[in-house]
Amino acid sequence: MDSAALETVQAWLREAPQIAVLTGAGVSAESGVPTFRDAQTGYWAQFRPEDMATEEGFRAQPALVWRWYQHRRQLLQGVQPNAAHLALADYAQQHPGRLTLITQNVDGLHQRAGSADVLCLHGDLMEDRFLDLPRPCCHPDTVEAGDPPHCPRCGNLLRPGVVWFGEALPLATLEAAQRAARRCALMLVVGTAGAVYPAAGLAHLARDAGARVVIVNPHASELDPVAHAVLRGTAAQLLPLLLAPESMLPQSVGGPSGA
Ligand code: OAD
């Protein structure tokens, strides 16, 4: 890490009246949550997430897909927010109204770290909802247990409350994120491959509206060409340095820097 690049971004952050932060799976990697594309291990390695995280995949194999989500829910129970989640939550508490946190993650770790009003573009892994439009007989409290649980009267299946491929994002949340992207003076893009839209489009929106865009990622991402600065390091390593009140420069943070 080039400490000059870090210092430059620290200065940009200090002078930005509004900051938007877009996070992806990488922000939770150091909590022990596998990133979306690395998540398939053991039994689940034989399945492609892209095939299961769709309505079509769920309708074709509801038990299999439900069990995959249960497996991911269990993984989450054993993990904790890391220094990156905590730095974001602390910063927002110390600078009320200045930071808008937008996440593609469904793991709830930002909220568990203390961040309020997180804009969750892709839903919440721990929530359920009915697959088909609920009928009067469909009540979450009276579902019959099973893989997946279902309405005992009409058979309507429960599904995880996440956004699947091909589905629309929650409109009000997306619009709030787009407003934040247009309004901010600086957007931090942390731990995302930048391959999934409309989430990745927020970085373009911010740049087009005149904001500085800064990427925090140990590897190249598809959004690197959009950025004014690329900090090559991990989220838990860099966010405390960027957002801590008395941001101390490290002696060395390892790895080359881009810009
Ligand atoms: P990906 O799994 O596609 O990418 C994870 C990114 O995190 C990569 O760019 C890694 O280089 C980076 N990364 C890994 N470890 C990191 C660390 N310690 N600190 C910082 N960055 C790190 O995850 P997303 O880009 O979040 O959508 O995926 C976006 C969406 O694609 C997900 O929300 C999901 C998936 O389709 C839906 O489920 C709708």
Side-chain angles (χ1 to χ4, degrees), residues 1 6 9 21-41 44 47-58 65 68-69 72-73 75-76 79-88 101-110 118-127 159-170 173-174 177 188-203 214-227 229-243 253-258:
M1 166 61 49
L6 193 61
V9 176
V21 182
L22 172 66
T23 67
V27 81
S28 297
E30 285 150 286
S31 290
V33 183
T35 60
F36 191 75
R37 279 154 242 289
D38 292 341
Q40 303 303 81
T41 54
W44 298 103
F47 304 104
R48 281 167 25 100
E50 293 86 345
D51 295 336
M52 297 206 286
T54 63
E55 182 182 332
E56 201 182 21
F58 185 73
V65 175
W68 180 53
Y69 279 96
R72 291 174 56 196
R73 287 169 171 177
L75 280 182
L76 276 191
V79 306
Q80 298 299 327
N82 65 49
H85 300 107
L86 294 169
L88 286 163
L101 181 51
I102 307 161
T103 190
Q104 299 166 85
N105 298 344
V106 294
D107 57 27
L109 287 175
H110 284 305
V118 185
L119 297 173
C120 296
L121 296 174
H122 293 165
D124 182 340
L125 181 62
M126 301 312 275
E127 283 180 4
R159 55 160 284 181
V162 300
V163 175
W164 280 330
F165 289 107
E167 290 184 328
L169 275 61
T173 308
L174 178 61
L188 272 182
V189 179
V190 185
T192 178
V196 173
Y197 285 74
L202 294 168
V214 175
I215 288 186
V216 172
N217 198 314
H219 307 293
S221 85
E222 294 191 22
L223 288 172
D224 288 3
V226 181
V230 178
L231 300 178
R232 286 272 173 260
T234 73
Q237 185 180 42
L238 287 175
L239 288 194
L241 293 172
L242 291 172
L243 299 173
V253 190
S257 74

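From a predicted model like this one, the values you see are computed outputs, not experimental measurements. In this chain, residues are counted from 1 in sequence order. Ligands are counted one by one from 1 in listed order, and the atoms in each one are counted from 1 as well.
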Pair Leu231-Leu242, side chain to side chain contact (heavy atoms under 4.5 Å, CB included): steps then yes or no: CA-CA 11 Å; Leu231 300 178; Leu242 291 172; 3.9 Å; yes
Proximal atoms of ligand 1 relative to His219 (non-hydrogen, under 4.0 Å): 11 (O)
Contact check: Gln104 vs ligand 1, nitrogen or oxygen atoms, below 3.5 angstrom: yes
Nearest heavy atoms of Leu121 and Ala177, plus distance in Å: CD2-CB, 4.0 Å
Check: Trp164 ring centroid to Phe58 ring centroid under 6.0 Å: yes
Contact (N/O only, under 3.5 Å) between Ser221 and ligand 1: no
Geometric N/O contact Ala25 with ligand 1, under 3.5 angstrom: yes
Any Phe165 heavy atom less than 4.0 Å from ligand 1: yes
Ligand 1 atoms in contact with Ala29 (distance to a heavy atom under 4.0 Å): 15 (N), 18 (N)
Min side-chain heavy-atom separation Gln237-Pro218 under 4.5 Å: no
Subset of ligand 1 atoms that lie under 4.0 Å from at least one heavy atom of Gly24: 26 (O)
Contact (N/O only, under 3.5 Å) between Glu30 and ligand 1: yes
Close N or O approach (Ala220, ligand 1; < 3.5 Å): no
Under 3.5 Å side-chain donor-acceptor pair for His85 and Ser28: yes
Close-contact set for ligand 1 against Val163 heavy atoms, below 4.0 Å: 37 (C), 38 (O), 39 (C)
CA sep, side-chain torsions, deciding dist, call: Leu188, Leu239, side chain to side chain contact (heavy atoms under 4.5 Å, CB included): CA-CA 10 Å; Leu188 272 182; Leu239 288 194; 4.2 Å; yes
Heteroatom proximity flag, His122 to ligand 1, N/O under 3.5 Å: yes
Gap separating the CD1 atom of Ile215 from the CG atom of Asp224, nearest 0.5 angstrom: 4.5 Å
Val106 vs Pro160 side-chain heavy atoms within contact, under 4.5 Å: no
